[in-house]
Every structure is written in C-alpha cells, then in structure tokens.
Amino acid sequence: MKKTTGTDRKKTAQWRPATRAVRGGTWRSEHGETSEALFLTSGYTYDDAATVAARFAGEEQGMTYSRLQNPTVAMLEERIALLEGAEACRAQASGMAAMTAALLSQLSAGDHCVAARAAFGSCRWLVDSLLPRFGIETSVIDSADDEAWERAIKPNTKVFFFETPANPTLDIVDLSHVCAVAKAHGITTVVDNAFCSPALQRPMEFGADIVAYSATKLMDGQGRVLAGAICGSQEFIEETLMPFQRNTGPTCAPFNAWVVLKGLETLELRAHRQSENALKVGQFVEGRVPTILHPGLPSHPRHELATKQMDACGPIFSFVVDDRAQAHAILDALELIDISNNIGDTRSLMCHPATTTHAGLSAEAREAMGVGEGMLRVNIGLEDPDDLIEDFDRALSAAGL
Ligand SMILES: *Cc1c(COP(=O)(O)O)cnc(C)c1O
C-alpha cells in the first residue's frame, strides 16, 4: 500500500465536508492511481494457511470474500460514514436492501415497530406485509403529529422507522423531538434519508441512531446504478447488522460502489443546485395548481422545521391537481421533463405515484397517507430552471390549468 490519504479516520474526520466528499476513504494500491480503483473480484488469495485461518477467526484484518469485504466497496462505506458523521457504514445492494437489513437485523418476533404512515411504497410494504409475517407487530402513524409517536409506544416497541421528507407527500418529521422520545424509551430510530442525502440533512446531528439510504437517488444522482447504505454506531454495524448481512448477502456490487463513489465527489454541488432549481420551479408551479407540497415554500405546513433540519429544500416536490385524468394529461404534455419514477437524478423527472411508486398499496392505504389520484411528484434536475418552467407552463396549460 502506497501513501494513502483517505483511510486515517483521525485525520479525515477533521476535514471539512467538501474535502471528505472528494477524498474520504480513498485507499490507493501500489500503483498510486488518482481515481479509486475498481476491484472486480469475488474472492482473495492468501500467502499461507495460517493467514486465512487468522482472518476467518477475526484475529487479523483483511479481505476474505466479497460478500463480506471488497476494497472498492470499503472506500464507499468509509466515505459515506464520513459524510454522515457516523462511526460506521455498510453499503447495500439497493435502498430496499438497506431498509430490509436495517429492520430485520434488529427486530424479532414479539417486537413492535412504529412507522410513519407516509412512506415510499416498498417501505410501507415492509411494515404492512413483511414484518407481520415474522411475528413483528407494526403500527403506522401520522408522522407529522409530534404526539402520535409517544402515543404509539408499547412495552415491546423497539424501532421507530420514518422518512423525512417523506416520499411522495413531503411530510416532515421533527427529528430532534422524535429521536428524543425514542431515546427516552430505549427505542432505536431508523431514518430513511433518501430525499436529502448527507449533503442536505444529517439526522444523527438530531439524535438519530441509524440512517439508511437509497444511494440510487442523490448519491449516484445520475440515474446509473442501484445501491444503498446503512450508517450507525460501530457496535450496531458490527454486532447487529453484520451477522445478518454476512449470512443473507444484500451486498453492494463493486462496480455500483465505484459509480456511487464518483457520484459523491459532486454530491454537494448537485444537491444544492438542484434545490435552488426546485425552489425556483416550485414558486412558479405554486401559482398555477390548487395544492403544492414543497418544503422550501412557506406554504408547506412545516416549512420552518424543514429549514431548521435541512441545509436546502432538496430537488423533490409534489403537487395535487383534480384527478388522475388531469394528472396524466400533464405528464403526456411534457416535452422536456421525462415521465419517470426515479428521483435525485440530474434530469428532471415526473411521475404519478398512485399508478407507479405507490400502485402496490391498497387505495385505502394511499388515501390515508395522502397519496391521491391527483398527485404528481417532481424531481428537479440540473437543467436551466427557465426551460423547466416553460415546460411546466405548456403542460399545465394543456391540462387546463
Ligand atoms: C427509492 C427509495 C427507496 C428504495 O431505494 P432503491 O434504491 O430503489 O431500492 C427507499 N426509500 C425511499 C424514500 C426512496 O425514495
């Protein structure tokens, strides 16, 4: 190993965030490559039998198998941990692999999990359908009702699970309040921070225990790969997550980890510029539609709280029109913005959650979480916001707005 700059935690933890994003975790091979190397290997070889025995016994550091460790993936994990301000991080195959592992690694039959009602469709499926199959009780609550969290606690409550802002209703959870309630009751908070990334919001600064990611979203940010991550204490990652991860295998592929590493170098720039663009476009859209759900606009019921917790409003907002026909008419009239259900991308994208990301839920569950037939969710990218406003103007007019 030649001189490396990114692996000494004492040193890297003193870097400011922009430096961490570019150099954190960098681990150079003997070739001294500038850009992180991509280690496409499933296994490792050893000089002698005693070495491999010592590694398997946990007595010696080193790689043994890429389900457990890979140098490229390890660089990503160290960089995300640094950006998050977490002791440790493990990369995952996707955001949903991360959510599943974060919950199943610590919950057992007889435990109870309280989750936010408004959530990404697959996150709700975990809570409504998967956990109960294994004897784990779940309750869903209105996450914007600060008192609802404490009311939902039972003697066996072990985890609070929520997103803020939530997908696609942009509900904002009061992180300090909810994390304090959890701590007072010995409950672990699992925060899905996909809408922000550590560039815009670091839930651990408000007391969160575990932060889980779809790195597919802002971290890659260019619509290329699926990936996920779980950040937590060293103890949680080693003692609770790793036994689950090691033996079930939701591991991030080295190629995907490498792509996300490259994405992190520009994360801060993208997240802030996309937030600025989303604010400008949102201000235009607000004047034309009946309802807009945008944490950057004073009309959002928790705008002040959002401003306190988030460094910027993020690239995503939703708005509500009359019904499905009008929502679909807007999508069909777009010329620049793509109809697509991804978010965090540098391209502006729009989708109709009721028939896409939340189509797997019952109509009642959608209604209860505020995902109506007239809702559209928007991801604002890095295009010139004036071109996006022109596209909105055209599409809203075509739909009679
Ligand atoms: C996209 C998303 C996920 C799932 O991530 P994948 O990488 O697609 O598996 C989970 N939570 C939220 C809030 C998301 O937006």
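Note that this is a predicted model, so its numbers are computed, not measured. Atoms within a ligand are numbered from 1 in the order they appear, just like the ligands themselves.
Annotation: Asp47, atom CG; neighbour count of heavy atoms from other residues, nucleotides and ligands within 6.0 Å does not exceed 12. Within a 6.0 Å radius of CZ in Phe244, more than 12 heavy atoms belonging to other residues, nucleotides or ligands are found. More than 12 heavy atoms of other shown residues, nucleotides or ligands fall within 6.0 angstrom of atom CZ in Arg394.
Per-residue contacts place Glu163 under 4.0 angstrom from the following atoms of ligand 1 (heavy atoms of the residue considered): 13 (C). Counting atoms of ligand 1 from 1 in the listed order, those under 4.0 Å from a heavy atom of Ile343 are 15 (O). For ligand 1, the atoms sitting less than 4.0 Å from at least one non-hydrogen atom of Asn167 are 14 (C), 15 (O), numbered in the order shown with element in parentheses.
Close N/O approach between Met96 and ligand 1 is found [any backbone or side-chain N/O within under 3.5 Å]. Distances between N or O atoms of Phe195 and those of ligand 1 include no value under 3.5 Å.
At the shortest separation from atom 15 (O) of ligand 1 among protein heavy atoms lies Lys217 NZ, 2.8 Å. Scanning the protein for heavy atoms near atom 6 (P) of ligand 1, the closest one is Gly95 N, 3.3 Å.
Salt bridge Asp171/Arg302: absent, no basic N to carboxylate O contact under 4.0 Å.
The structure places CD of Glu36 at 9.5 Å from CG of Leu264, a figure rounded to the nearest 0.5 Å. Separating the CZ atom in Arg90 from the CD atom in Glu238 is a distance of 7.5 Å, to the nearest 0.5 Å.
Aromatic ring orientation, His294 versus Phe317: parallel (interplanar angle below 30°, classes split at 30° and 60°).
Nearest to atom 7 (O) of ligand 1 by heavy-atom distance, out of Leu226, Thr216, Leu218, is Thr216. Distances from atom 13 (C) of ligand 1 to the heavy atoms of Asn193, Asp192, Thr100 put Asp192 nearest.
Side-chain atoms of Arg67 and Ser42 include no donor-acceptor pair closer than 3.5 Å.
Contacts between Cys123 and ligand 1, counted as non-hydrogen atom pairs separated by less than 4.0 Å, involve the side chain only.
Heavy atoms of Gly228 stay at 4.0 angstrom or farther from ligand 1.
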